[in-house]
Amino acid sequence: MRSLLFSRITLVWFGLVAATALSWGMGHGFGFADTRHAGVTILVVAFIKVRFVILDFMEIRHAPLFLRGIAETWFVVACATLVTLYLGAPSGPAS
Amino acid sequence: MTTTATMPRPARAARHMPGEEGIWVFIFGDLMMFSLLFGVFLFYRRGSVELFTQSQTHLSQTFGVLNTFLMLSSSWFVALAVRAARLNMGRTTPTLLFMAFGCGVGFVIVKFLEYSEKIRAGITLATNDFFMYYFIFTGIHLMHVLIGTAVLVFLARSTRVGEFDARRMRNLESGASFWHAVDLLWIVLFALLYLIK
């Protein structure tokens, strides 16, 4: 049971929970003067979490390279597109 | 010349396709569809940032965070269940899958509490664009959660007895991969709908 629990999977879960708490704080604007900076950071942190889910929970880290390639490509394209679309919006009060 | 023939082999042999190939076609198709929905949401948000930000204040971040915690924990239990099956740990695998199922049911209950709170406050799909996206996106995701919880029960029941042969291991990995996809979609949905201003 120890070898099962004390593994990378548990460490990843702990990191994902910690990152969620951090994002929640950023959603309330902690540490950011500009909500757009907070917004971009929240999106990037979400995608970093997604990458850990893909690589470690879904076990794509050790999957055939074509599968990892598709996953990594999706990750980069989706993250970049969403951040670009988000930044394309006028910031609330300043606009 | 001789090194190219011998070097790559160990690395290739160590790589393992989790589950059936078909499940990956389905998962990536699903990810593409959701990515499109996420893009549509941010595209139309550009024209009404104030409305979206104002509407977002009516969402309960507590429910959102609670559901994120439930999804992440559920995924963790499933990942542990797959590992336990590889280590041939007997009943540990179905026990972990039932724990994952419990988290999935918790997610569904929280979602229904959240929906009923909104409906009592007079907020529906027709209230405005933000809530239209909110109900449609979270509704489609909830359907995935319901299918996923059924898969978890099936896997938990089928792993209760006997050895984990190659076929059962592949089924377990396929179901687990689908459940992790449901988890990762929620991670992005939570950021988009509940957090970004």
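Every chain is numbered from 1 and lettered A, B, ... according to where its sequence line falls, protein lines coming before strand lines.
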Proximal component of [X], with respect to chain A [non-hydrogen, under 4.5 Å]:
X: Val82(B); result: side chain
X: Leu31(B); result: both
X: Phe190(B); result: side chain
X: Met89(B); result: side chain
X: Ser48(B); result: neither
X: Phe28(B); result: side chain
X: Ser75(B); result: both
X: Leu51(B); result: neither
X: Ala84(B); result: both
X: Leu192(B); result: side chain

Notebook entry, point to check: Sub-3.5 Å donor-acceptor pair from the side chain of Arg46(B) to the main-chain atoms of Leu87(A), do we have one?
Noted result: no
To the nearest 0.5 angstrom, please state how far the [atom1] atom of [X] sits from the [atom2] atom of [Y].
X: Trp24(B); Y: Phe66(A); atom1: CH2; atom2: CZ; answer: 10.0 Å
X: Arg83(B); Y: Arg8(A); atom1: CZ; atom2: CZ; answer: 11.5 Å
X: Leu184(B); Y: Met58(A); atom1: CG; atom2: CE; answer: 5.5 Å
X: Leu72(B); Y: Thr20(A); atom1: CG; atom2: OG1; answer: 5.0 Å

Tell me, out of [options], who's got the most heavy-atom pairs with chain B below 4.5 Å.
options: Val53(A), Val45(A), Thr41(A), Leu5(A); answer: Val53(A)
options: Leu82(A), Val17(A), Ile60(A), Leu16(A); answer: Leu82(A)
options: Ile70(A), Val40(A), Thr81(A), Thr84(A); answer: Ile70(A)

Within one Ile-Leu-Val-Met-Phe-Trp-Tyr cluster: [X] and [Y], side-chain cutoff 4.5 Å:
X: Leu155(B); Y: Ile147(B); result: yes
X: Met143(B); Y: Leu113(B); result: no
X: Val25(B); Y: Leu65(A); result: no
X: Trp74(A); Y: Val77(A); result: no
X: Val40(B); Y: Tyr134(B); result: yes

Which pair of non-hydrogen atoms, one from [X] and one from [Y], has the smallest distance, and what is that distance?
X: Ile196(B); Y: Gly39(A); value: CG2-O, 3.6 Å
X: Ala46(A); Y: Ile187(B); value: O-CG2, 3.5 Å
X: Arg61(A); Y: Arg15(B); value: O-NH1, 3.2 Å
X: Gly39(B); Y: Leu85(A); value: O-CD1, 3.5 Å

Check: Between Met32(B), Gln61(B), Gln56(B), Met17(B), which residue shows the highest count of heavy-atom pairs closer than 4.5 Å to chain A?
Finding: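 The answer is Gln61(B).
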Note to self: Need one label for Phe52(A): side chain, backbone, both or neither, based on atoms under 4.5 Å from any heavy atom in chain B.
What the structure shows: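 Neither part; nothing is under 4.5 Å.
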Check: Measuring heavy-atom distances to chain B, does Ala71(A) have an atom under 4.5 Å in its side chain, in its backbone, in both, or in neither?
Finding: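 Both backbone and side chain.
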Taking atom [atom1] of [X] as the centre, does the number of heavy atoms from other residues, nucleotides or ligands within less than 6.0 Å exceed 12?
X: Phe63(B); atom1: CZ; value: yes
X: His62(A); atom1: NE2; value: no
X: Arg86(B); atom1: CZ; value: yes

Check: Parallel, tilted or perpendicular for Trp76(B) and Trp13(A), by the 30°/60° rule?
Finding: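 The arrangement is parallel - the two ring planes meet at less than 30°.
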Check: Do Leu43(A) and Leu195(B) come within less than 4.5 Å of each other through their side chains, counting heavy atoms only?
Finding: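 Result no, sub-4.5 Å side-chain heavy-atom pair not found.
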Notebook entry, point to check: Where do Thr53(B) and Thr35(A) land on the side chain to side chain contact (heavy atoms under 4.5 Å, CB included) test, with the steps shown first?
Noted result: CA-CA 11 Å; Thr53(B) 311; Thr35(A) 52; over 6 Å; no
